[in-house]
Q: 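Quick one: the structure is below, and I'll ask about it shortly.
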Amino acid sequence: MNLNLIFFAIVPFVLMAIICVGMPFWKVRLMKEAGEKILPLAKKKSKLQYIAIPTAYILLILSILVDFGKLNFVIPYCAVMGLFIAIKESTLLPVNGLYENLLINGSEVIRFKEITSLPDSTDTQQPNVLKIPVKHGTRTLIFDNSNEAQEVLSELKKKVD
């Protein structure tokens with residue numbers, strides 16, 4: 001079997017299958033860890049998945065059928081990353097909220113034990129944006145409105161302090 005076929009077609013296809021099958025199991029495990037919902041956030045629906053998932057598979061098939069030269073390595077693995085991002089977002093958007101042990105906003109999952117400190121208030125330039133410092137950098141959370149951001153910040157202060 002051709003080594004290019006293995007690395008640029010079979011391995012990305014297996015990774016895509018693992019992502020598609022494994023993400024619902026990951027969500028179940030995450031929701032067990034999360035605990036009881038304290039504060040529900042605005043539920044959103046992702047339309048990204050309707051474009052990104054077929055595009056990822058089309059890119060994989062095109063990388064097999066067409067020789068892109070040096071991009072033969074990049075294109076299938078970009079398809080894998082695009083599929084991962086789309087499925088993660090579509091899996092987590094319906095369960096947005098503040099839970100007993102973690103916060104889920106969009107595709108961001110922040111565990112309370114990772115939070116190093118909390119800001120005093122939301123940014124005055126963008127009142128619906130909350131920047132939370134965690135052990136590995138700063139996470140930026142974008143909410144639908146400033147009231148939702150203030151509620152999350154006050155609940156986080158109760159939970160973390």
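As a basis for the values below, the full set of heavy atoms in this structure was taken, side chains included, without hydrogen atoms, waters or symmetry mates. Bear in mind the structure is a predicted one, so any value in this text is a computation, not a measurement.
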Q: Going by distance alone, is a donor N or O of one side chain under 3.5 Å from an acceptor N or O of the other, for S90 and Q49?
A: yes
Q: Between L41 and L98, does a side chain to side chain contact (heavy atoms under 4.5 Å, CB included) hold up when you go through it step by step?
A: CA-CA 7 Å; L41 298 178; L98 183 68; 5.8 Å; no
Q: Begin from the C-alpha positions of L102 and F112 and carry the test side chain to side chain contact (heavy atoms under 4.5 Å, CB included) through to its verdict.
A: CA-CA 5 Å; L102 53 88; F112 294 152; 5.6 Å; no
Q: Could you give the distance from OG (S154) to CG (L118), rounded to the nearest 0.5 Å?
A: 10.5 Å
Q: In terms of heavy-atom contacts, does CE of M81 have more than 12 from other residues, nucleotides or ligands at under 6.0 Å?
A: no
Q: Using only atom types and a distance under 3.5 Å, with no angle test, would you say the side chain of E148 pairs donor to acceptor with the backbone of A42?
A: yes
Q: Output the distance between atom CG (L156) and atom NZ (K159), rounded to the nearest 0.5 Å.
A: 10.0 Å
Q: Could you walk me through whether L30 and L92 pass the side chain to side chain contact (heavy atoms under 4.5 Å, CB included) test, one step at a time?
A: CA-CA 10 Å; L30 184 69; L92 290 179; 3.8 Å; yes
Q: Does the side chain to side chain contact (heavy atoms under 4.5 Å, CB included) test come out yes or no for E33 and Y99, once each step is laid out?
A: CA-CA 9 Å; E33 177 189 346; Y99 294 86; over 6 Å; no
Q: Quick check for you: to the nearest 0.5 Å, what is the distance between D144 atom CG and N96 atom CG?
A: 8.5 Å
Q: Start with the C-alpha gap between K135 and E114, add the side-chain angles, then the distance that decides, and say whether salt bridge (Lys or Arg N to Asp or Glu O under 4.0 Å) holds.
A: CA-CA 6 Å; K135 291 179 183 175; E114 294 177 357; over 6 Å; no
Q: Between D67 and N72, do the side chains contain an N or O donor and an N or O acceptor separated by less than 3.5 Å?
A: yes
Q: Can you confirm whether more than 12 heavy atoms, excluding those of Y57, are under 6.0 Å from its OH atom?
A: yes
Q: Are there more than 12 heavy atoms of other residues, nucleotides or ligands under 6.0 Å from atom CZ of F13?
A: no
Q: What are the two closest heavy atoms between I142 and N105, and how far apart are they?
A: O-ND2, 3.4 Å
Q: Restricting to non-hydrogen atoms, name the atom on V80 and the atom on P12 that form the minimum distance, rounded to 0.1 Å.
A: CG2-O, 3.6 Å
Q: Is F68 atom CZ crowded by more than 12 heavy atoms from other residues, nucleotides or ligands, each under 6.0 Å away?
A: yes
Q: Atom CG of L15 and atom CG of L60: how far apart are they, to the nearest 0.5 Å?
A: 10.0 Å
Q: Would you give the length of the straight line joining atom CG of L103 to atom CG of L130, rounded to the nearest 0.5 angstrom?
A: 8.5 Å
Q: To the closest 0.5 Å, what do you measure between CD1 (I18) and CG (L83)?
A: 12.0 Å
Q: Is there a donor-acceptor contact under 3.5 Å from the side chain of T116 to the main chain of P133?
A: yes
Q: Got a salt bridge between K37 and E100, using NZ or NE/NH1/NH2 to carboxylate O under 4.0 Å?
A: no
